[in-house]
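This report concerns only the one structure given below.
Here the structure is a predicted model, which means the values were calculated and not measured. Here is how names work: the chains are called A, B, and so on, in the same order as the sequence lines, proteins then strands, and each is numbered from 1.
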2 protein chains.
Amino acid sequence: MTATTQQPRQNGQEQLLTPGEVAALFRVDPKTVTRWATAGRIGSIRTPGGHRRFRESEVRALLAELTNDVNRAI
Amino acid sequence: MTATTQQPRQNGQEQLLTPGEVAALFRVDPKTVTRWATAGRIGSIRTPGGHRRFRESEVRALLAELTNDVNRAI
DNA sequence: ACAAATTCGGGTAATTTGGGGC
DNA sequence: TTTGTCCAAATTACCCGAATTT
């Protein structure tokens, strides 16, 4: 992905990430991220054009699980 | 004035958002919001100078409609 | 009236989508 | 079962100069 310029944050809004950005964080193909969304493993917001956006907080939480090698059982 | 500065609402008028503010909510380019308006996917109002403004209630409703959460009981 | 930021337009790259098959 | 890749079509991002907004 070409490093798209990050939008300056605005009023306590939820920061959203593109499929390419999430894919880069997990080191997977963007399509894999799409599959996670389709499978309901991660929440997503659609643009009116159909493109997906992901909540940064949710993505960070998933990343933390992988980093700590946690085995669910919440 | 930066995009984050906004006048508080005074009367019962509908709050209007700029293309940049709507773009931030969906994490897209402001020009993309313009295309949505041109394509009729979202309603818009024009200033006398030709700049577009969007109804906040309509934008919020659209955002909520296109949101897919994971663990969310409606 | 001046300055800074934003939003016009158009055009051209880059990304995303969905399906299908390995 | 999960992931990566190929494909065509659709959507979005970045470029410019000029006009508008605040």
Measuring to OP1 and OP2 of C/dG18, would you say a side-chain N or O of A/Thr34 lies under 4.0 angstrom away?
no

Separation of C/dT7 C1' from B/Arg46 CZ (nearest whole Å):
10 Å

Can you tell if the side chain of B/Ile42 reaches within under 4.5 Å of the side chain of A/Pro48, non-hydrogen atoms only?
no

Here the helical stems involving DNA chain D, each at least 3 consecutive Watson-Crick or G-U pairs closer than 3.5 Å, sorted by first residue number, are C:3-19 with D:6-22

Ordered by number, residues from residues 56-63 of chain B within less than 4.0 Å of DNA chain C (heavy atoms) are none

Can you measure from CD (B/Glu56) to CD (B/Glu21) and round to the nearest 0.5 angstrom?
8.5 Å

Flag the pair A/Leu17 / A/Arg53 as yes when at least one side-chain heavy-atom distance between them is below 4.5 Å, and no otherwise.
no

Rounding to an integer number of Å, can you tell me how far B/Leu17 CG sits from C/dT7 C1'?
15 Å

How far does OG1 of B/Thr47 sit from CZ of B/Arg52, to the nearest 0.5 angstrom?
10.0 Å

For every nucleotide of nucleotides 6-12 of chain D, 5' to 3': is a protein heavy atom under 4.0 Å from its base (B), only from its sugar-phosphate (S), or from neither (-)?
B----BB

Starting at CD of B/Gln15, measure out to CZ of B/Arg60 and round the result to the nearest 0.5 Å.
9.5 Å

Taking only residues two or more places apart in sequence or in another chain, which ones pass side-chain contact (heavy atoms from CB on, under 4.5 Å) with A/Arg55?
A/Glu14, A/Leu16, A/Ile45, A/Ser57, A/Glu58, B/Thr67, B/Asp69

Is there a side-chain contact between A/Arg41 and B/Val70, using heavy atoms and a 4.5 Å cut-off?
no

OP1 or OP2 of C/dT17 under 4.0 Å from side-chain N/O of A/Arg52:
yes

Between B/Leu16 (CG) and C/dT6 (C1'), how many Å, whole number?
16 Å

Where do A/Phe54 and A/Ser44 come nearest, in terms of heavy atoms and distance?
CE2-CB, 3.8 Å

Donor-acceptor pairs are to be reported for all side-chain atoms of residues 24-39 of chain A against protein atoms at under 3.5 Å, with residues two or more places apart or in another chain.
unit_1	atom_1	unit_2	atom_2	d
A/Asp29	OD2	A/Lys31	N	2.9
A/Thr34	OG1	A/Pro30	O	3.4
A/Thr38	OG1	A/Thr34	O	3.0

